[in-house]
Protein chains: 2
Amino acid sequence: MCYICFVNKITKTKREVVALVPKKTVARLILYKRFLKQLIDDGVKNTYSHDIATKFGVTATQVRRDLMCVGYHGASRSGYDVKKLYDEILRFFINTEGKDVVLVGVGNLGRALLSYFSGGKSHIRVVAAFDNDEHKVGRVICGCRCYHINELKDFVDKNKIHTVMLCAPATAAQDIAVQLIKSGVKGILNFSPVRLNLSADVYIEDFDITMNLEKVMFFAGSNTGFEEKINV
Amino acid sequence: MCYICFVNKITKTKREVVALVPKKTVARLILYKRFLKQLIDDGVKNTYSHDIATKFGVTATQVRRDLMCVGYHGASRSGYDVKKLYDEILRFFINTEGKDVVLVGVGNLGRALLSYFSGGKSHIRVVAAFDNDEHKVGRVICGCRCYHINELKDFVDKNKIHTVMLCAPATAAQDIAVQLIKSGVKGILNFSPVRLNLSADVYIEDFDITMNLEKVMFFAGSNTGFEEKINV
DNA sequence: GCAGAAAAGTTATTTTTTTCACAAAACAAG
DNA sequence: CTTGTTTTGTGAAAAAAATAACTTTTCTGC
Ligand SMILES: NC(=O)c1ccc[n+]([C@@H]2O[C@H](COP(=O)([O-])OP(=O)(O)OC[C@H]3O[C@@H](n4cnc5c(N)ncnc54)[C@H](O)[C@@H]3O)[C@@H](O)[C@H]2O)c1
Ligand SMILES: NC(=O)c1ccc[n+]([C@@H]2O[C@H](COP(=O)([O-])OP(=O)(O)OC[C@H]3O[C@@H](n4cnc5c(N)ncnc54)[C@H](O)[C@@H]3O)[C@@H](O)[C@H]2O)c1
């Protein structure tokens, strides 16, 4: 597999590019991006693969491999220009940056998420919430306006929404997901503990709190020396 | 790597066993367990690797591979006895089952988690919550009693707690984590967007909502045909 | 009882991800 | 200007995970 500069120099469709980038690399790049942002805010000018690696508990080689995917070249000996590297990573995430997100299911979890994303703690904007509970529809909840789920298709169309956080009860999740896809949604962060059965051209990330808690309980109980470096 | 019956027949320490079981297999086994529980409740007696595979979007071979790790043998043609397989998976998770968990950081997210786990929606028990906010200490919040963070060590000792859900602000997370480890905690499900820097004999699962949302946004924007089968 | 199908179990192969190892570059000090 | 050190970039190797291919068992229908 040849990663070399495929983002910038060789003409490939975005689809092919994505296929070449390991999924875990995408996850790590997001973390690197966050770290670089921090460095910029702190006024740091340069950084090294080794720095980044230490920060995230991976090897320096891994970091350099990952950075190959974004096509920015550091300098021997003086490492990476923080600002330039950051910008290049932003370019890699060009389809992501600035895009808005909506949330479906304004329950306990949904409200926690809404307050977080409305509270200015994130650069990601959650621009609307949807529920089927008439008591919630029409109100502004945790800083976000709540619409009826039936209004979702219109909203998604008009606002070119690609991504949804799905916090509905397990029993409703599959039906809602089908509706989301019909409305043109391309990615779902699924908090409900059910696997969504959908056509293949949608990206689903199952974000299963209970399963992950059980996983921690297992490894905590088993006393292995393992430590998952990065959760992907 | 030879998986054969290592749980039951070959004498190995638990540590070695865990090292042989792929991490992702552990994650999938938890999902299979949940599915089998459902089948038992529905009165289904038998199931097949193919059934389970379809349910979770993996291959039947993968399922059989995973099940090798728990040491239960199905029967050709008639598949797996649901109850027996479930029991065998429980045996695999013997150190996990029945163990209790505590939560640190009773903020927006913490409260959502507390109401979920106190609301009888999970078989996992969150037996105490900890915070440093005097307004919260001493109260029962979302069905769970909240103690001062200073009382944590005692509680963890007395109640043999191994696992913690950490929902504190990013700025406090590292300090709290150090304290947790000193208190004897062996596993942390870390919701804060910082990597915890700790000694290696603790299992940390970084459960980074923002990073995962960005990942979905990336893949949603990039229109690849990819679908992550199971989030691990 | 036998042919055929269906399913588990297992070995081999492939694919994906990570690490190793080293060349090339760049800088610093003498 | 040369030597040594540090750091990137990358081919090659290794490790991990997933899949394919094959073997055996068991059941069904004839
Ligand atoms: N809260 C947690 O800590 C937690 C933990 C683990 C898993 N989960 C999962 O996350 C999901 C949400 O959990 P929660 O605690 O917020 O649940 P909740 O019951 O508090 O909220 C669910 C919300 O979805 C809405 N809803 C129901 N049907 C709908 C439909 N058809 N269309 C639109 N909205 C609909 C409800 O009105 C409600 O507002 C659940 O699937 C749950 O299993 C939550
Ligand atoms: N809420 C979300 O949807 C969301 C989304 C992404 C990430 N997160 C992360 O999850 C974590 C919790 O988020 P939140 O929205 O619940 O935050 P929050 O501010 O609402 O709650 C934090 C809680 O931690 C307590 N706390 C602070 N310092 C403490 C200490 N030293 N010891 C014990 N308790 C302490 C506070 O009193 C408060 O109750 C944060 O790290 C946040 O970045 C949350």
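Heavy atoms only: backbone and side chains are in, while hydrogens, waters and symmetry mates are out. Protein chains get the first letters and strands the later ones, always in sequence-line order, with residue 1 at the start of each.
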Worksheet item: Taking only residues two or more places apart in sequence, or in another chain, which ones meet B:S122 in a side-chain hydrogen bond (donor to acceptor under 3.5 Å, both in side chains)?
Response: none
Practice prompt. Would you check if the distance from the ring center of B:F93 to the ring center of A:F218 is below 6.0 Å?
Written response: yes
Worksheet entry | Atom-to-atom span, CG of A:D81 to C1' of C:dA26 - whole angstrom | 16 Å
Worksheet item: Excluding sequence neighbours, so at least two apart, what forms side-chain hydrogen bond (donor to acceptor under 3.5 Å, both in side chains) with A:K99?
Response: none
Worksheet entry | Length of the line joining A:Y32:OH and D:dT8:P, which is rounded to integer Å | 12 Å
Worksheet item: Taking CG from A:D66 and P from D:dT10, how many angstroms apart are they, rounded to a whole number?
Response: 14 Å
Worksheet, complete the sentence: Nucleotide by nucleotide, nucleotides 20-30 of chain D touches protein heavy atoms under 4.0 Å in the pattern (B base, S sugar-phosphate only, - none) B----BBBS--
Sequence neighbours left out, cut at 3.5 Å: what donor-acceptor pairs do the side chains of residues 161-174 of chain B make with other protein atoms?
unit_1	atom_1	unit_2	atom_2	d
B:Q174	OE1	B:N197	N	2.9
B:Q174	NE2	B:N197	O	3.1

Worksheet item: Excluding sequence neighbours, so at least two apart, what forms side-chain contact (heavy atoms from CB on, under 4.5 Å) with B:K182?
Response: B:V178
Worksheet item: At under 4.0 Å, does any side-chain N or O of A:Y72 touch on OP1 or OP2 of D:dG9?
Response: no
Worksheet item: Distance check: side-chain N/O of A:H73 vs OP1/OP2 of D:dG9, anything under 4.0 Å?
Response: yes
Worksheet item: Mind checking what makes side-chain hydrogen bond (donor to acceptor under 3.5 Å, both in side chains) contact with A:D175, not counting sequence neighbours?
Response: none
Discussion item. Does a side-chain N or O of A:Q62 approach OP1 or OP2 of C:dT17 to a distance below 4.0 Å, or not?
Written reply: no
Fill in: Euclidean distance, atom CD1 of residue B:I52 to atom C1' of C:dA8 [Å, nearest integer]
12 Å
Worksheet item: Which heavy-atom pair separates A:I30 from B:K215 by the least distance, and what is that distance?
Response: CD1-N, 3.5 Å
Worksheet item: Looking across every strand, which nucleic acid part, if any, lies under 4.0 Å from A:S49 by heavy atom: base, sugar-phosphate, or nothing?
Response: sugar-phosphate
Item to complete: Report the distance from atom CG of A:L85 to atom C1' of D:dG9, rounded to the nearest whole Å.
Response: 14 Å
Worksheet item: A:K23 NZ to C:dT18 P: how many Å, rounded?
Response: 12 Å
Worksheet entry | Nucleotide of D:dA17, C:dT18, C:dA8 approaching B:K24 most closely (side-chain heavy atoms) | D:dA17
Practice prompt. Just compare C:dT10, C:dT17, D:dA17 and give me whichever is closest to any side-chain atom of B:M68.
Written response: C:dT10
